[in-house]
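What follows is a single structure, written as structure tokens, with notes after it.
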Amino acid sequence: WSQYLKIQEILQRIQFLEAPLHRKRDDAANRSNRLANIDKFYQWAKDNGVTYEGVKIKEFPGYDLGLQATRDIKKEELMFTIPRRLLLSEEHLGSKSNFFKLSNLNLAFALMLESLKPDSFWKPYIDLLPDRYATVLYYTVEEMAQLEGSNALSVALKQCRLIARLYATIYSMQDVPLQDFNDIFNYDLYR
């Protein structure tokens, strides 16, 4: 717990120093923009071979975006197909994005780089992603303390420590394939 508190203190200082690098966040505007981008995502998906029937993207108040059935769906019915080339996976990253031994870090790094490119192929997908997630990475110290006495606390502390360590790894990199990366990279973008 004491290590977590020290890490949080350091991360708070980092976030303060990196504040000018953060994208301006307005939760209502972000929600509205995401909803406005659904049609662009549908078109991108269709243009790239995605097929779907019986489902649509919908906002579920108090939760977020999700899939809603538009008709009864039969057991074992194929609802959608996604071409392999549309899976943002390590197999499609190429050698210029494979910096790390951990595949999940390569994927996170690739997604982060793509989110910084205004002309990214993945933009319609990325524009539907939320700015925040309901994970321990966004918990306050007080919220984390409420996990005390549960098995979840140990796992949560390890996750926070790992993300902080991976942030530091990326921060110290020099050969990033994006111009001015060090001028835009920040902890909030990474987590």
Side-chain angles (χ1 to χ4, degrees), residues 1-27 30-31 33-34 63-66 86-123 125-191:
W1 180 253
S2 63
Q3 185 182 45
Y4 168 77
L5 293 176
K6 287 177 187 175
I7 290 170
Q8 290 309 303
E9 182 182 322
I10 292 167
L11 287 174
Q12 285 177 350
R13 282 190 273 154
I14 288 171
Q15 288 173 298
F16 176 79
L17 293 171
E18 292 179 343
L21 303 177
H22 296 187
R23 297 179 193 172
K24 299 291 183 225
R25 279 196 63 237
D26 174 349
D27 289 337
N30 179 49
R31 188 179 137 276
N33 288 341
R34 289 177 66 212
Y63 294 96
D64 212 327
L65 297 181
L86 282 191
L87 300 178
L88 187 56
S89 67
E90 203 168 19
E91 148 187 356
H92 295 105
L93 294 181
S95 60
K96 63 184 174 183
S97 293
N98 285 316
F99 289 104
F100 311 103
K101 292 180 181 177
L102 298 171
S103 63
N104 61 336
L105 183 55
N106 280 322
L107 289 172
F109 187 68
L111 181 60
M112 185 179 55
L113 289 179
E114 290 299 323
S115 75
L116 295 170
K117 297 177 187 175
D119 61 343
S120 171
F121 169 77
W122 300 99
K123 185 170 177 32
Y125 164 72
I126 292 168
D127 286 347
L128 287 187
L129 297 175
D131 283 341
R132 296 181 59 87
Y133 296 88
T135 72
V136 296
L137 298 177
Y138 295 91
Y139 280 20
T140 63
V141 171
E142 293 77 21
E143 290 169 327
M144 190 70 86
Q146 291 179 15
L147 296 176
E148 190 174 352
S150 74
N151 292 337
L153 180 61
S154 174
V155 174
L157 294 175
K158 287 177 185 175
Q159 177 69 16
C160 291
R161 184 177 60 224
L162 174 65
I163 294 303
R165 184 178 296 147
L166 295 176
Y167 161 80
T169 299
I170 292 173
Y171 187 85
S172 66
M173 288 179 51
Q174 299 298 315
D175 299 329
V176 178
L178 184 65
Q179 186 177 1
D180 301 326
F181 177 78
N182 291 335
D183 294 335
I184 52 181
F185 176 69
N186 61 78
Y187 177 73
D188 284 331
L189 174 66
Y190 175 68
R191 75 171 164 165

**Q.** Heavy-atom closest pair, residues L87 and W122
**A.** C-CH2, 4.1 Å
(Q) With rounding to the nearest 0.5 angstrom, report the OH to CD distance, Y190 to E18. (A) 13.5 Å
Q.
With rounding to the nearest 0.5 angstrom, report the CD to OH distance, E143 to Y138.
A. 13.0 Å
Q) Can you find a pair of side-chain heavy atoms, one from Q3 and one from L157, that are under 4.5 Å apart? A) no
Q.
Could you walk me through whether L86 and F121 satisfy the side-chain contact (heavy atoms from CB on, under 4.5 Å) test, starting with their C-alpha distance in whole Å, then the side-chain angles of each, then the deciding distance to 0.1 Å, before giving a yes or no?
A. CA-CA 10 Å; L86 282 191; F121 169 77; 3.5 Å; yes
**Q.** Interatomic distance, L128 atom CG to K123 atom NZ [nearest 0.5 angstrom]
**A.** 10.5 Å
Q: Would you sort out whether Q8 and L11 count as a side-chain contact (heavy atoms from CB on, under 4.5 Å), showing the intermediate values?
A: CA-CA 5 Å; Q8 290 309 303; L11 287 174; 4.0 Å; yes
Q) Taking the side chain from Q12 and the backbone from E9, do they hold a donor-acceptor pair closer than 3.5 Å? A) no
Q. Between NZ of K6 and OG of S2, what distance do you get to the nearest 0.5 Å?
A. 5.5 Å
Q) Do R34 and L129 have side chains that get closer than 4.5 Å, going by heavy atoms? A) no
Q) To the nearest 0.5 Å, what is the distance between CD1 (I14) and CZ (F16)? A) 13.5 Å
Q. Taking side chain as C-beta onward, heavy atoms only, is D64 less than 4.5 Å from P130?
A. yes
Q: Determine yes or no for a side-chain-to-main-chain donor-acceptor pair under 3.5 angstrom, with Q15 supplying the side chain and Y187 the backbone.
A: no
Q | Smallest separation among heavy atoms of A156 and L147, with atom names | A | CB-CD1, 3.9 Å
Q | CE-CG distance between M144 and L5, expressed to the nearest 0.5 angstrom | A | 10.0 Å
Q. Take atom OH in Y125; do more than 12 heavy atoms of anything else shown fall under 6.0 Å from it?
A. no
Q: Begin from the C-alpha positions of M112 and I170 and carry the test side-chain contact (heavy atoms from CB on, under 4.5 Å) through to its verdict.
A: CA-CA 11 Å; M112 185 179 55; I170 292 173; 4.3 Å; yes
Q: If the plane angle is over 60° it's perpendicular, under 30° parallel, otherwise tilted; pick one for Y167 and F185.
A: parallel
Q) Salt bridge check: are E114 and K117 linked by an N-O gap of less than 4.0 Å? A) yes
Q) Can you find a pair of side-chain heavy atoms, one from I126 and one from L111, that are under 4.5 Å apart? A) yes
Q | Backbone of L116 reached by a side-chain donor or acceptor of S120 within 3.5 Å | A | no
